[in-house]
Amino acid sequence: VGLQEGAGYVVDYPYGCAEQRASRLLVMATASDLGGAFSLPGIDARSLKARTQTEVNALAAFQCPSGGYAFWAGDCRSVTPYVTSYVLDVAQTAVGLGYDVDAEALTRAYDYLERELAAPLPTNDGWWPAFTAWEAFAVKVLAVGGRNQDSHLTRLYGYRDRMPVFALTYLLDAMAARREAGARPAELRRRIENAIQAEAGTAHVEELSDPYLLFFWNSNVRSTALALGSKVRSSAPLAEVSGLVRWLVQARRNGRWGNTQE
């Protein structure tokens, strides 16, 4: 489906915040796993694994004494649980693909997220979509990392009415990580499916529009991709995923999507 342009855009993006560096790592790690089936523009396939390991190592510059990851290297005022969760999500992918990720750094980041999850709930109702979004992402990466998140899963499931669609995908992935079956994951899948609009052979997520969600790079493209990922990981039927793929391919401009997160 012609992914080279989009992949090249992420790899060559000239700035270096934690999201952009982690997104670059995600593209490079998954590309190297495909071997000769996929190539990145301007990168010799023979050196890709070594260059990818260098990107893994570079993430250490963004970790602060708290264990959380800062948006900008060295600026620990910019640490957020959402950025930390994203870096961890990509790091877990790298671990699964055989890259050497510092286990002690992962432990410190997991500990940071668990402390953040223990913080008081927001008093402003307007913050609930954003609050449940970062918490759901944190619970997902902690569950994948082997931390018991049963109590947080139960608590967040009770807030499902206030969650954006992409947060529901995080919660579903967290349940999948602990091999939960039954009514709760089925209900999350139903809610995600209800947010998908089908038209002319394509389908996409119509995401909640909330100004606070812009801090999480919120967009229909991104949420559609996250929903697609959850469906693929749960072995959803082809009929449920093909329309999402078609819409995402058509949503590109000049061969790529709108930003490094998308």
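Scope of the values below: all heavy atoms of this structure, side chains included, with no hydrogens, waters or symmetry mates.
The line from OG of S66 to CG of L113 is 9.5 Å long, rounded to the nearest 0.5 Å. We find the CG-CG distance between L244 and L228 to be 5.5 Å, quoted to the nearest 0.5 Å.
By the neighbour-count criterion of 12 heavy atoms within 6.0 Å, atom CD of E104 is densely surrounded, having more than that number from other residues, nucleotides or ligands. When the shell of 6.0 Å around CG of N254 is examined, it contains 12 or fewer heavy atoms from other residues, nucleotides or ligands. More than 12 heavy atoms of other residues, nucleotides or ligands sit less than 6.0 Å from atom CZ of R233.
The same ILVMFWY cluster, assembled from side-chain heavy atoms under 4.5 Å apart, contains both V221 and V27. Note: the hydrophobic cluster containing V10 also contains L226 (ILVMFWY, side chain heavy atoms under 4.5 Å, direct or indirect links). Note on F131 and L214: separate hydrophobic clusters, where clusters join Ile, Leu, Val, Met, Phe, Trp and Tyr whose side-chain heavy atoms are under 4.5 Å apart, directly or indirectly. Under the 4.5 Å side-chain heavy-atom criterion for ILVMFWY residues, no single connected hydrophobic cluster contains both V144 and L117. If you chain together hydrophobic residues whose side chains sit under 4.5 Å apart, V79 and F215 fall into the same group.
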Verdict with supporting geometry, T202 and Q250, side chain to side chain donor-acceptor pair (under 3.5 Å): CA-CA 9 Å; T202 69; Q250 293 177 16; 5.1 Å; no
Audit row: V87, V90, side-chain contact (heavy atoms from CB on, under 4.5 Å) steps and yes/no: CA-CA 5 Å; V87 172; V90 174; over 6 Å; no
Worked verdict on Y9 versus T260 for side-chain contact (heavy atoms from CB on, under 4.5 Å): CA-CA 8 Å; Y9 167 75; T260 52; 4.2 Å; yes
Worked check of side-chain contact (heavy atoms from CB on, under 4.5 Å) between E262 and W217: CA-CA 8 Å; E262 289 184 353; W217 310 288; over 6 Å; no
ring-ring contact (aromatic ring centres under 6.0 Å, His included) between F216 and W134, intermediate numbers included: CA-CA 8 Å; F216 306 146; W134 78 251; 8.6 Å; no
Derivation of the side-chain contact (heavy atoms from CB on, under 4.5 Å) call for V139 and R155: CA-CA 11 Å; V139 166; R155 176 174 60 82; 5.7 Å; no
Worked verdict on E207 versus S219 for side chain to side chain donor-acceptor pair (under 3.5 Å): CA-CA 7 Å; E207 185 55 275; S219 73; over 6 Å; no
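Under the 3.5 Å distance criterion, the side-chain polar atoms of W72 are left unmatched by any main-chain donor or acceptor of R77. Using a distance-only test at 3.5 Å, with no hydrogens or angles considered, no donor-acceptor pair links the side chain of D173 to the main chain of M175. Side-chain N or O atoms of R108 include none that pairs as donor or acceptor with a backbone N or O of A105 at under 3.5 Å. No donor-acceptor pair closer than 3.5 Å links the side chain of R222 to the backbone N or O of Q261. Distance alone, capped at 3.5 Å, places no donor-acceptor pair between the S230 side chain and the A227 backbone. A distance-only check finds no donor-acceptor pair linking the side chain of Q149 to the backbone of L142 [under 3.5 Å].
Evaluation of the disulfide (SG to SG under 2.5 Å) rule for C64 yields C76 as partners, not counting sequence neighbours.
Across all non-hydrogen atoms, the minimal contact from A22 to L59 is N-CD2, 4.2 Å. Pairing each heavy atom of L48 with each of A31, the nearest pair is CD2-C, 4.0 Å. Here the shortest heavy-atom pairing between K140 and A174 reads CA-CB, 3.7 Å. For the pair L248 and A225, the tightest heavy-atom approach, listed with the atom from each and the gap, is CD1-CA, 4.0 Å. In this structure, D210 and P129 approach most closely via the heavy-atom pair OD2-CG, 3.6 Å. Of all non-hydrogen atoms in A18 and A70, the two that sit nearest each other are CB-O, 3.2 Å.
A salt bridge does not link R256 to E5: none of the charged side-chain nitrogens sits closer than 4.0 Å to a carboxylate oxygen. Using a 4.0 Å cut-off between a side-chain N of Lys or Arg and a carboxylate O of Asp or Glu, D111 and R147 qualify as a salt bridge. Between R24 and D12 there is no salt bridge, since none of the side-chain N atoms of the basic residue sits less than 4.0 Å from a carboxylate O of the acidic one. A salt bridge links R191 to E187: at least one charged side-chain nitrogen sits closer than 4.0 Å to a carboxylate oxygen. The pair E240-R189 fails the salt-bridge criterion, with no side-chain N (NZ, NE, NH1 or NH2) lying under 4.0 Å from an Asp/Glu carboxylate O. R184 has a carboxylate O that lies under 4.0 Å from a charged side-chain N of E180, or vice versa, which qualifies the two as a salt bridge.
Contact of the E206 side chain with the S223 side chain is not registered, since no non-hydrogen atoms from C-beta on lie closer than 4.5 Å. Proximity of H204 to Q197: side-chain heavy atoms (C-beta onward) are separated by under 4.5 Å at one or more points. With a 4.5 Å cut-off on side-chain heavy atoms, L106 and D102 do not count as touching. Using a 4.5 Å cut-off on side-chain heavy atoms (C-beta onward), Q53 and R51 make no contact. Looking at heavy atoms from C-beta onward, T84 lies in side-chain contact with Y112 at the 4.5 angstrom threshold. A heavy-atom distance below 4.5 Å is found between the side chains of L171 and M163. Counting heavy atoms from C-beta on, the side chains of S85 and Y170 never come closer than 4.5 Å. Looking at heavy atoms from C-beta onward, V205 lies out of side-chain contact with F166 at the 4.5 angstrom threshold.
Residue pairs meeting the disulfide bond (SG atoms under 2.5 Å apart) criterion with at least one member in residues 116-201: none, sequence neighbours excluded.
Between Y82 and Y86, the ring centre distance reaches or exceeds 6.0 Å.
R160 forms a cation-pi arrangement with Y157, by the criterion of a distance under 6.0 Å to the ring centre and an angle within 45° of the ring axis. Relative to the six-membered ring of F62, R21 misses at least one condition, a distance below 6.0 Å or an angle of at most 45° to the axis.
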For residues 92-101, which side-chain N or O atoms pair as donor and acceptor with protein atoms under 3.5 Å away, sequence neighbours left out?
residue, atom, partner, partner atom, Å
Q92, NE2, Y110, OH, 2.9
Q92, NE2, V141, O, 2.8
T93, OG1, D89, O, 3.2
Y99, OH, S32, OG, 2.6

